[in-house]
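In listed order, ligands and their atoms are each counted from 1.
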Amino acid sequence: MVPILKKQYNKMEGVKIIQLPKIIDKRGNLSFFENSNQIPFDIKRTYWIYDVPGGEQRGSHAFKKSHEFIIALSGSFDLVLNDGNIEEKYSLNRSYNGVYIPNLLWRRLENFSTNSLALIVSSISYDHNDYIRDYEEFKTIIDGVKK
Ligand code: TYD
């Protein structure tokens, strides 16, 4: 008899490091992304995080529905992702490399360099109901998805 293997919940599989086009030019380089091109969703919102004092963290939460793409336009910071089980850290320090984050992943930004600029595009308009701000609630939701 063939055992039925339950696929282990691994939301991390959906995370993608995306290298954006880089148009090298002696006058200065240029990169871009377009709605649904380069990144795997329709962009509904753009926001950015800047002037972060040394040692501060941002965004310790998960989203129920929204997908995001994060890029360090300037300087550097670390993106820490947690699927309720394992944690992965991505150091972002290039203005042409970003990370696509599916919904239902706990994420925080930390270790910001001076003058760093984090650009984030989201698949939905701002909705405070889409946030999961309590890690235990996140784990409960993840456990429900696993079943
Ligand atoms: P929030 O996403 O909670 O930041 P962090 O998780 O890093 O603490 O956003 C902080 C505040 O900014 C929050 O009160 C709502 C507001 N905000 C908007 O109005 N629109 C947006 O697109 C975002 C991301 C935040």
Side-chain angles (χ1 to χ4, degrees), residues 7-25 27-147:
K7 193 177 183 312
Q8 212 186 339
Y9 180 81
N10 186 357
K11 201 77 184 171
M12 289 292 190
E13 280 176 2
V15 176
K16 287 195 194 92
I17 297 171
I18 296 177
Q19 182 152 6
L20 299 171
K22 186 177 180 189
I23 315 293
I24 297 174
D25 192 310
R27 298 169 300 163
N29 300 332
L30 181 153
S31 290
F32 62 89
F33 53 89
E34 296 177 336
N35 210 21
S36 300
N37 286 334
Q38 290 85 31
I39 57 169
F41 59 85
D42 278 343
I43 300 164
K44 283 277 162 53
R45 178 167 48 111
T46 304
Y47 62 97
W48 50 100
I49 295 172
Y50 53 99
D51 290 347
V52 180
E56 287 292 348
Q57 293 187 351
R58 296 295 314 230
S60 217
H61 52 65
F63 293 114
K64 293 174 193 161
K65 287 190 297 207
S66 54
H67 299 221
E68 289 192 329
F69 176 67
I70 302 189
I71 186 163
L73 278 190
S74 176
S76 63
F77 54 85
D78 293 338
L79 167 66
V80 183
L81 299 178
N82 182 310
D83 69 354
N85 190 24
I86 53 169
E87 196 158 272
E88 286 179 354
K89 188 183 276 191
Y90 297 83
S91 289
L92 296 184
N93 55 15
R94 293 283 181 271
S95 39
Y96 52 87
N97 268 345
V99 179
Y100 162 69
I101 311 169
N103 63 325
L104 290 180
L105 273 178
W106 193 264
R107 55 104 165 143
R108 67 175 188 275
L109 306 176
E110 62 184 26
N111 197 24
F112 287 88
S113 69
T114 306
N115 288 332
S116 57
L117 172 58
L119 181 77
I120 300 153
V121 292
S122 169
S123 62
I124 69 167
S125 298
Y126 178 73
D127 177 4
H128 71 272
N129 291 316
D130 195 45
Y131 283 70
I132 309 165
R133 293 194 179 274
D134 181 82
Y135 187 72
E136 289 313 309
E137 185 194 347
F138 168 68
K139 296 265 283 182
T140 306
I141 291 171
I142 290 296
D143 285 344
V145 174
K146 275 193 243 181
K147 280 177 195 140

_Between Y135 and N82, a side-chain donor and acceptor under 3.5 Å_ =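 There is such a pair between these side chains.
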_Pairs touching residues 63-76 that satisfy side-chain hydrogen bond (donor to acceptor under 3.5 Å, both in side chains), sequence neighbours left out_ =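 Qualifying pairs: Y47-E68, S66-D130, H67-Y100, E68-R107.
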*Could you please provide the protein residues found below 4.0 Å of ligand 1 on a heavy-atom basis, arranged by chain and number?*
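Residues near ligand 1: R45, Y47, R58, G59, H61, Y126, Y131, R133.
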_Please report whether the ring centroid of F41 lies less than 6.0 Å from that of F69._
no
Test item: [X] side-chain N/O and [Y] main-chain N/O as donor-acceptor pair under 3.5 Å:
{"X": "S31", "Y": "P21", "value": "yes"}
{"X": "Q38", "Y": "E34", "value": "yes"}
{"X": "R45", "Y": "I124", "value": "yes"}

